[in-house]
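Some notes on the structure that comes next.
Chain letters run A, B, ... following the sequence lines, proteins first and then strands; every chain starts at 1.
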Amino acid sequence: MTYDFFYKLFGSQVIAAIIQSLLPLFVFILPFALFAVWLERKVSAHMQDRLGPMRVGWHGWLQTVADILKLIQKEDIIATANDKPLFNLAPVLVFVGTYAAFAAIPFTSAFIGSNLDLGVFFIVAVSGFVVAGILMAGWASNNKYSLLGAMRSAAQIISYEIPTVMVIITIVMITGTLNLNTLSQLQTGHFWNWMIFGGPVFGVSKFLMIPFMIISFGIIYISTLAEVNRTPFDIPEAESELVSGYHTEYSGMKFAMFFLAEYANMFAVSAIVTALFFGGYQSPIGYIGHLLGLPWLVPIEQLFWFTAKGLFFVFVQMWLRWTLPRLRVDQLMTACWKYLIPIAFADLIIIGLITLI
Amino acid sequence: MSIEVEEKISKLTEVQKRGNGLRTEHMVLNMGPQHPSTHGVLRLELELEGEIIKKVIPHIGYLHRCFEKHAEAMTYPQVVPYTDRMDYLGAMYNEFGYAVAVEKLLGIQVPERVDYIRVIMGELQRIASHLVALGTYGLDIGAFTPFLYCFRDREKILNLFEITCGARLLYNYIWVGGLSHDIHPDFVRLTKEFVTYFKPNIKELNDLLTNNKIFIDRTANVGVLPKETAINYGISGPNLRASGFKWDIRKDDTYSVYNKFDFDIPVGQGLMGTVGDCWDRYYLRVQEMEQSLRIIEQAIDQIPEGDVSSAIPKRIKPPVGQVYSRVENPRGELGYFIISNGGTSPFRVKVKGPSFVNLGIMDELSRGHMVADIIAILGSIDIVLGEVDR
Amino acid sequence: MKTAQDIFNILKEKFGNSVLELVSTQPVEPFITVNPLVVNKICLFLRDNEELLFDNLMNLSGVDDANGKTVKAEDGTSKVEGATLSVYYHIESTSLKHKVVLKVSAPVEKPDVESVALIWRHADWHEREAYDLIGLNFLNHPDLRRILMPYDWEFGHPLRKDYKDPEFYLGMKVPY
Amino acid sequence: MREYFKNIWAAVFTVLVGMKVTFKHLFVPAVTIQYPDVKPKLPERERNRLYVNMDDCIGCDQCARACPLGIINIETVKALPTEDLKTSQGRKKALWVTNFTIDFAKCCYCQLCVFPCPTECIYMTDVYEFSEYERENLIYNFSTLTPEEIEQKKTNLSLFEAEKAKEKAAKSAAAPAPAKPVPPAAPTETKKEN
């Protein structure tokens, strides 16, 4: 849709494709990452009876911009013992993995970077790609802390893909599609049509499903938390043990890329959760655009609802981070293999049985 | 297994055998002196097998300032500001211990008002110190927020010290034979306000951190210190009591006016795991804060009238002799061994710092645990490097 | 509960000449001086004897006594003689609640003292500290290294009374 | 199996309890202040930078002796009997304080110098912002005399003493006259005022 628009505007396939692929980056990901960093600071500050950044702009809202400007100017330190090609490639790879995930995220019914039929699958696959970047960073840094962090990260992200995928399978089993756009469209109407409330089909099965859908949601939320290395699963960059884990040796803009990737990733996983369980871009209470007879208002409203839902889950991630301590590496594995995976599996079977009713 | 393979294995070195034929070696990880959770400038040399710790070698001395050498060049009152700088989180108690030791050497009795104020200050300092210990312990485990809640409450105690003597960290308040200032007219009221303000905050801390499942998982059954080992290693203070041994110098070798107050000595019970694990050591400090509040509540109402500086000697010149005197510092048994040769400066001052002794058990406690646990263990024994290195 | 006199009598009976004397003329604390080369046996006895049970070493401190006398040799050079380094052991029993102070003195030229680090593990670091700062040599110590000063410190032991700061350390000027 | 579900329950429950605590604090007013804009009110006994009231200082050197770091440096010149120096309480001053420097780079704010002062002229103020780029700038000189005045006091004293010596020599005619006047007692070098 947007592609057609740009194609008509420039008359060149290449330019249209480039613009379309860069659009989410500049319109959404960077501003969001900057906003999320600011939000994280403010949330943490107010939870801790502090004020947080207050000087740059109103309540310090330009603080992150100032930080990025500072990081751009900073010296890019590369130690002599680093494996330079890998060391330079790693942050790019991590950022690309995150960025690629945004391609399949349906922001509105009007704009979706790439309306893939394998949308969910694609996102899970490219998010897993981040591991390669982190491993590279850890290895190339030639630092024992980085290496330990990278090893932990690899183990963690790969393990937690399993419960994530299991829950996704549950949803796919009910809806029969992997396309996120279709998934969102399915949950149209009011909020009781969301998957967390048993999906759009009314019947006994819907009410039977609600508790199990809540459990599914819990599992996918916890495991995506682990995939983006947030507390209580932030052991790859555990500050008190491994200093900063895999990005200990990075400075300047390369560090900023890890940093932005982390925050962008937070939104990406929140978006998946939203699309799967909370109706994607659908409004919970109907559209003003339909009410007023202004069809162009609907995508804007949808973007608002999608961002609002995503931000809410990002906020909960922050809330958890500033509340909880961090798990140990073996406990992290225990939590995944002994708790999340069996429960997700049982959940899958029970929901499968319910759908048969 | 064929004979050839067996032959090959028999030729392997010890290092190769450990890796089933592959040449493996232990990774040596250098933790510190600049590391976020070594609580200062401690350097730990860890020998790791994967993430399992095989050996810990602590290297100390990065903050060595020769307190003992300094003390030999100072007159007795001039040593007091230096004692502050050893355990800077429990500065009031360091002065208290030093004053008690020199008074013993001089054979003077201080007025009762001085003793009461000293006890109140000492217990406030104990709460302040434990708050830092608990807060930074949460930080070590990964919870950032309790740290700031603890610091917020500690600020209130520091404000009390500030109105009394004008300093927030290094007080020079408790002198040999008395105090530098009498308490501020508002002090009694503000202390009572603090006690009522602080009580609910202990519960909040328990909700937020102590009873958190993740926190319990991280600390229970980790770094278990049995009672006999603890005594043999000379461990003292909360760490010793957490091992289930009821030993508190405030009661067992009483000094000042501690025998006049009614308070309990909490001991570790292994509520969440084994007796003497990290969680016990942590929780013991929470319980001790409650007991300290009890002492403050009793003492604040009974401060007798009097002059706080009447017993301060004009010129401190103890007779030839030597004294070892100890007090229950927030971190354990703080002992001063002072030898006097009859002059105005001490001939030799030796400080037995509880942190110095408690750190010695690091290797014993950490073997077989993981890297993340070493942080938990180090945090739970609560050291202050200023005192370890003196 | 035993006084220093009782403990002295018990030790005198058991160890004879190795236990030298009970000094109780000084104010505050009496102490028992013993032979530095059998102090480990005495300490083991003190710890394990059922009447004594000294399970807790409170403190171990090395002291430079600075008691040497300057002796002028015939050729005009002067020499310090008779100086000793001492170690004080403050030990107590947590079960029987009694305390005792032991003191050993060794000549400064050959300051050998038997280590008690394996009797009370607590003494390990204290002995290293005494070695580092005073220069006492603890025999049979498991790991006698410097502890507070840098490992490559070669300018003597700082808590000796005759210690002088070096001019330079690793190219850095020392007096500040 | 029971343990398994108990663990899950404990994890979920305690996490929720913790989240409740932090959520409540979102709406608690901050305890921190924006420091250079808002300043805390300091109590009256605040111990920060030292101040010396030179009108009252009698140059007795007691504070310098009490200081554990030896950062107070006092130099004095005897006043002539004709000069009438008084503190604000009317106490007689026998010395001109030609130099009174405190090296704040080394000060440990222990307040030990304040107590022995007989005229209470040295005390701690609540000034705490006095950082400098050069360490030398932290050596504060409290002496109110200008270098010329100090020179003059010194020459006055030496002249006076020479005169006195002469008088003495004249009085005791039998004894041989002293060859030279006594050199001034105070050192001649003075530090530059900051």
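Using a 4.5 Å cut-off between heavy atoms, L133(C) touches chain B through its side chain atoms alone. For D253(B), the part lying under 4.5 angstrom from a heavy atom of chain C is the side chain only. The parts of D55(C) that come within reach of chain B are both its backbone and its side chain, each placing non-hydrogen atoms under 4.5 angstrom from that chain. Residue I57(B) touches chain C through its side chain alone, counting heavy-atom pairs closer than 4.5 Å. Residue D143(C) does not touch chain B at all, counting heavy-atom pairs closer than 4.5 Å. Heavy atoms of F245(B) lying under 4.5 Å from chain C belong exclusively to its side chain. Neither the backbone nor the side chain of R128(C) comes within less than 4.5 Å of any heavy atom in chain B. The part of I134(C) that comes within reach of chain B is its side chain, from C-beta onward, which places non-hydrogen atoms under 4.5 angstrom from that chain. For R145(C), the part lying near chain B is the side chain, with the backbone staying farther off; criterion is any non-hydrogen pair under 4.5 Å. Proximity to chain C (any heavy atom under 4.5 Å) is shown, for E228(B), by neither the backbone nor the side chain. Neither the backbone nor the side chain of I361(B) comes within less than 4.5 Å of any heavy atom of chain C. Both the backbone and the side chain of E68(B) come within contact range of chain C, each with at least one heavy atom under 4.5 Å from a heavy atom of that chain.
For chain C, the option among L63(B), V351(B), L359(B), V388(B) with the highest count of heavy-atom pairs below 4.5 Å is L359(B). In terms of heavy-atom pairs under 4.5 angstrom with chain B, the leader among L60(C), L159(C), D132(C), V101(C) is L159(C). No other option in I119(C), D64(C), N56(C), I147(C) has as many heavy-atom pairs under 4.5 Å with chain B as I147(C).
Cation-pi geometry between K350(B) and Y324(B) is not met at under 6.0 angstrom from the ring centre and within 45 degrees of the axis. For the pair K161(C) and F347(B), the cation sits on the ring face: its NZ or CZ lies under 6.0 Å from the ring centre, inside 45° of the axis.
A salt bridge between R121(C) and D124(C) is present, with a side-chain N of the basic residue lying under 4.0 Å from a carboxylate O of the acidic one. Ion pairing of R326(B) with E333(B) is present here, as a side-chain N (NZ or NE/NH1/NH2) and a carboxylate O approach within less than 4.0 Å.
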Note to self: Checking R331(B) against D382(B) for the salt bridge (Lys or Arg N to Asp or Glu O under 4.0 Å) test, could you report, in this order, the C-alpha distance in whole Å, the side-chain angles of both residues, the deciding distance, and whether it holds?
What the structure shows: CA-CA 7 Å; R331(B) 280 169 189 76; D382(B) 185 26; 3.5 Å; yes

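Atom OH of Y258(B) and atom CD of E328(B) lie 9.0 Å apart (nearest 0.5 Å). Once rounded to the nearest 0.5 Å, the distance linking CZ of R348(B) with OH of Y88(C) reads 10.5 Å.
When only modelled atom types and interatomic distance are considered, Y169(C) and D152(C) share a side-chain donor-acceptor pair under 3.5 Å. Side-chain contact annotation: N140(C) with S115(C), donor-acceptor N/O pair under 3.5 Å absent.
Using a 30° and 60° split on the angle between ring planes, H90(C) and F337(B) fall in the perpendicular class, above 60°.
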